[in-house]
Amino acid sequence: MENTVLQKSMDFAVRIVRLYQYLCNEKREFVMSKQLLRSGTSIGANLREAKYAQSTNDFISKNSIALKETSETEYWLELLYKTDFLTDKEYHDINSDCSEIAKMLTAIVKTTKENNC
């Protein structure tokens, strides 16, 4: 599952970068989009760190941070949607991917914690 979530987080980060470019260039929105860029690309960065974790606790910590970044990303996406910077379709498409990553990370953290007891 970890390899799948790593790939999905990379694909998601690419979408976030493209969305950031669109928001800046087309919508002239710079503040929320920058926050979205930071949190949305941080998910995969933390998962890459988790890949080489020094311990099980370190692995859990990095995946938990990625999960928190996913939640923050969902917040910025929702805010951009509710302030009319994203259309209904744009929001639901990318938020669906974000939610899928969140579910995967929740399962990874939960399973790792259970197996570590």
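Heavy-atom basis, side chains included; hydrogens, waters and symmetry copies ignored. Computed from a prediction, not measured in an experiment: that's the story for all the values here.
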### Task
Please check if the side chain of T112 supplies one atom and the backbone of V109 the other of a donor-acceptor pair under 3.5 Å.
no

### Query
How long is the gap from OG1 on T70 to CD1 on I65, to the nearest 0.5 Å?
11.5 Å

### Task
For S39 and W76, work out which heavy atoms get closest and say how close.
OG-CD1, 3.8 Å

### Task
For residues D88 and Y81, report the shortest heavy-atom separation together with the two atoms involved.
OD1-OH, 2.5 Å

### Task
Please examine the side chains of F12 and T73, heavy atoms only from C-beta on, and report whether any two atoms are closer than 4.5 Å.
yes

### Message
Do E72 and R38 make a side-chain contact, defined as non-hydrogen atoms from C-beta onward lying under 4.5 Å apart?
### Response
no

Could you pull out all donor-acceptor pairs under 3.5 Å where a side-chain atom in residues 14-27 meets a protein atom, sequence neighbours excluded?
unit_1 : atom_1 : unit_2 : atom_2 : d
R15    : NH1    : D97    : OD2    : 2.3
Y22    : OH     : E90    : OE2    : 3.4
N25    : ND2    : Q21    : O      : 3.2

### Task
Step by step, work out the side chain to side chain contact (heavy atoms under 4.5 Å, CB included) result for L79 and L36.
CA-CA 10 Å; L79 187 57; L36 176 68; over 6 Å; no

### Query
Roughly how far, to the nearest 0.5 Å, is CD of E100 from CG of L105?
10.5 Å

### Query
Is there a chain of hydrophobic side chains (I, L, V, M, F, W, Y, each step under 4.5 Å between heavy atoms) that links L37 to M10?
no

### Query
Taking only residues two or more places apart in sequence or in another chain, which ones pass salt bridge (charged side-chain N to carboxylate O under 4.0 Å, His left out) with D93?
K89

### Message
Measuring from atom CD of E78 to atom CG of L80, what distance do you get when rounded to the nearest 0.5 angstrom?
### Response
10.5 Å

### Query
Is there a donor-acceptor pair under 3.5 Å between the side chain of N95 and the backbone N or O of Y91?
no

## Note on the structure
Output for pair (L67 CG, I101 CD1), nearest 0.5 Å, gives 11.0 Å

### Query
So, T106 side chain and A102 main chain: donor-acceptor pair closer than 3.5 Å or not?
yes

### Message
Within a 6.0 Å radius of atom CD on E114, are there more than 12 heavy atoms belonging to other residues, nucleotides or ligands?
### Response
yes

## Note on the structure
Here the gap from E69 atom CD to T41 atom OG1, rounded to the nearest 0.5 Å, amounts to 8.5 Å

### Query
Would you say the side-chain atoms of E29 pair up with the backbone N or O of S33, donor to acceptor, closer than 3.5 Å?
yes

### Task
For Y52, look at atom OH and say whether over 12 heavy atoms of other residues, nucleotides or ligands are found less than 6.0 Å away.
no

### Query
Does a donor on one side chain sit under 3.5 Å from an acceptor on the other, for S42 and N46?
yes

### Query
When rounded to the nearest 0.5 angstrom, what distance separates CG in D58 from CG in N63?
10.0 Å

### Query
For N3 and Q7, does a side-chain donor sit closer than 3.5 Å to a side-chain acceptor?
no

### Query
Is there a path from I43 to L6 through hydrophobic residues (I, L, V, M, F, W, Y) whose side chains come within less than 4.5 Å of each other?
yes

